Peer 1: 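Dropping the structure in here first, questions after.
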Amino acid sequence: MLQSLASNSCVRLIQSNTSTWYFFFLVLGYVLYLIFGAMVFSSVELPYEDLLRQDLRNVKRQFLQENECLSEERLEEFLGKALEASNYGVSVLNNATANWNWDFTSALFFASTVLSTTGYGHTVPLSDGGKAFCIIYSVIGIPFTLLFLTAVVQRIMVYVTRGPVTYIHTRWGFSKQLVALVHALVLGLVTASCFFFIPAAAFSSLEDDWNFLESFYFCFISLSTIGLGDYVPGEGYNQKFRQLYKIGITFYLMLGLIAMLVVLETFCELQELKQFRKMFYLKKEKAEDRVHIIDHEHLSFSSVSDQAASLREDKLNEPFMDVPPLTYSASDFSSLNR
């Protein structure tokens, strides 16, 4: 009997805290996913890093052997300055000196990556004034960009998602959930073709050192605002029409980001995903429920007060003493006459 009571109490406890348990498993799954990613990246990339380190050591050793007049300390100093300049987007190579990182088109590209929080990191401010302005510019510009993107996506959703789904649902009578699901899948495929596959093919032909996988990798890293910065277009020394190319990439990134947000918002409006998300949220008391509760309490209090008032009125109408009615018989009248 005690075991049955304990099991019933445990079941009631679990049922009353269902969203908390779902949230716990969500956090646990996310942590395990992070650990899984770290293990895979470490196992895949660590051997390549080791090979690269060995190659650099061999090249450095061979260079010092061929140039005995140069000490290792002087070489280390030179390499340190070269790497520091490279971190700021300035290269010491002869074939890279023709490109400027802070002309207008490059600065426009940098501003777009800052406001969209992509941040490739290939070009950074050099001066203290530039760093300070970047902070102020980002503090104002990032919320401004979010407001701009939200307004644009909201207007596009009316014509791209809500309008077609409602039209097909009312015109042909298909289920609205089914129409929304098919529409989301088709929209995702069209967006992937227009902003991933086709641009990847274009970048692989425009960039000399990029293959299709590297170009597709750049498109995904950019439009998902990860922005690792290992692949940046338009940085080649023999890039033709570089300024026009940079402006085109800037517009591509902004349009692609808007398209990605439209697709994400379309999928988020699916009824199945809404139900799935609610599993992990705290259940809030709706305003309508509070109004109904207040109305119910108001009605209950008013009914009690009405009952109390009616009881008071009944008591006032009743006599103070319950006196039985007087009845007279004929003998009583005859005795009074005597």
Side-chain angles (χ1 to χ4, degrees), residues 37-114 118-135 138 203-219 221-222 226-247 249-250:
M39 292 174 61
V40 172
F41 283 125
S42 177
S43 61
V44 172
E45 296 297 330
L46 190 58
Y48 286 92
E49 181 185 1
D50 184 55
L51 289 176
L52 182 59
R53 287 176 180 272
Q54 292 179 7
D55 291 338
L56 287 176
R57 292 193 189 100
N58 294 331
V59 171
K60 178 183 174 183
R61 187 182 305 111
Q62 184 179 0
F63 181 80
L64 290 174
Q65 290 176 357
E66 294 175 355
N67 300 272
E68 296 179 355
C69 61
L70 181 65
S71 64
E72 186 175 358
E73 291 76 13
R74 294 293 302 274
L75 180 62
E76 291 283 344
E77 182 181 357
F78 171 74
L79 292 177
K81 290 184 178 180
L83 291 174
E84 183 180 1
S86 179
N87 291 332
Y88 285 95
V90 179
S91 177
V92 297
L93 300 177
N94 290 329
N95 56 9
T97 56
N99 296 331
W100 292 89
N101 294 319
W102 290 106
D103 55 355
F104 177 76
T105 54
S106 300
L108 179 64
F109 181 72
F110 172 78
S112 66
T113 59
V114 168
T118 304
Y120 292 113
H122 69 294
T123 303
V124 294
L126 302 175
S127 63
D128 293 337
K131 293 181 177 68
F133 177 74
C134 184
I135 295 174
S138 303
F203 282 126
S204 62
S205 62
L206 294 174
E207 299 290 333
D208 296 333
D209 300 331
W210 294 13
N211 55 29
F212 182 80
L213 177 61
E214 292 171 339
S215 302
F216 189 89
Y217 169 80
F218 163 76
C219 295
I221 293 297
S222 300
I226 298 174
L228 296 178
D230 49 352
Y231 290 92
V232 180
E235 297 299 319
Y237 70 95
N238 59 348
Q239 182 67 56
K240 297 179 180 179
F241 307 104
R242 184 173 182 269
Q243 295 185 353
L244 184 62
Y245 186 41
K246 283 282 188 179
I247 294 176
I249 295 170
T250 303

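The figures here come from the full heavy-atom set of this structure, side chains too, leaving out hydrogens, waters and symmetry mates. Computed from a predicted model, the values in this text were never measured in an experiment.
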Peer 1: Can a donor-acceptor pair be found between the side chains of Q54 and N58 at a distance below 3.5 Å?
Peer 2: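 Note: Q54 and N58 side chains miss the donor-acceptor criterion.
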Peer 1: Hey, what do you get for CG (L56) to CG (L51), rounding to the nearest 0.5 Å?
Peer 2: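 With rounding to 0.5 Å, CG (L56) is 11.0 Å from CG (L51).
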Peer 1: Is there a side chain to side chain contact (heavy atoms under 4.5 Å, CB included) between L206 and F241 once you walk through the steps?
Peer 2: CA-CA 11 Å; L206 294 174; F241 307 104; over 6 Å; no
Peer 1: Within the structure provided, determine whether Q62 and E66 are in side-chain contact (heavy-atom separation under 4.5 Å).
Peer 2: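 Heavy-atom side-chain distance check passes, below 4.5 Å.
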Peer 1: Testing K60, E77, R61 one by one against E72 for a side-chain contact (heavy atoms from CB on, under 4.5 Å), which residue passes?
Peer 2: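 It is K60, the one option of K60, E77, R61 that forms the side-chain contact (heavy atoms from CB on, under 4.5 Å) with E72.
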Peer 1: Take atom CZ in F212; do more than 12 heavy atoms of anything else shown fall under 6.0 Å from it?
Peer 2: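 Counting other residues, nucleotides and ligands, CZ of F212 exceeds 12 neighbours.
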Peer 1: Please confirm whether the ring centroid of W210 lies under 6.0 Å from the ring centroid of Y217.
Peer 2: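 Here the rings of Y217 and W210 have centres that are no less than 6.0 Å from each other.
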Peer 1: CD of Q243 to CZ of F104: how many Å apart, nearest 0.5 Å?
Peer 2: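 Reported to 0.5 Å precision, the distance equals 10.0 Å.
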Peer 1: Show the nearest heavy-atom pair for residues V40 and S43, with the distance to one decimal.
Peer 2: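 Heavy-atom minimum between the residues: O-OG, 2.9 Å.
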Peer 1: Taking all heavy atoms of P125 and all of C134, pick out the closest pair and write down the distance.
Peer 2: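 The pair with the smallest heavy-atom distance is CG-CB, 4.2 Å.
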Peer 1: With side chain to side chain contact (heavy atoms under 4.5 Å, CB included) as the test, would you mind laying out the steps for T123 and W102 before giving the verdict?
Peer 2: CA-CA 9 Å; T123 303; W102 290 106; 3.3 Å; yes
Peer 1: Nearest heavy-atom pair of S222 and T118: which atoms, and what distance?
Peer 2: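 Looks like O-OG1, 3.9 Å.
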Peer 1: Quick one: does any side-chain atom of S42 pair with a main-chain N or O of M39 as donor and acceptor, under 3.5 Å?
Peer 2: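 Such a contact is absent between S42 side chain and M39 backbone.
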Peer 1: Between atom CZ of R57 and atom CG of L52, what is the distance when rounded to the nearest 0.5 Å?
Peer 2: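 These two atoms lie 10.0 Å from each other.
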Peer 1: Could you give the distance from CG (N211) to OG (S205), rounded to the nearest 0.5 Å?
Peer 2: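 One finds 12.5 Å between CG of N211 and OG of S205.
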Peer 1: Let me confirm one number: the OH-CD1 distance from Y120 to I221, rounded to the nearest 0.5 Å.
Peer 2: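 Result: 9.5 Å between the selected atoms.
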Peer 1: Taking the side chain as C-beta and beyond, is there a heavy-atom pair between S204 and F216 under 4.5 Å?
Peer 2: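 They are not in contact (no side-chain heavy atoms under 4.5 Å apart), so the answer is no.
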Peer 1: So, taking the atom named CG in L75 and the one named CG in N67, what distance separates them when rounded to the nearest 0.5 Å?
Peer 2: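 Nearest 0.5 Å value for the CG-CG distance: 9.0 Å.
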Peer 1: Any chance the side chains of S215 and Y231 put a donor and an acceptor closer than 3.5 Å?
Peer 2: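 Not at all, the side chains of S215 and Y231 share no donor-acceptor pair under 3.5 Å.
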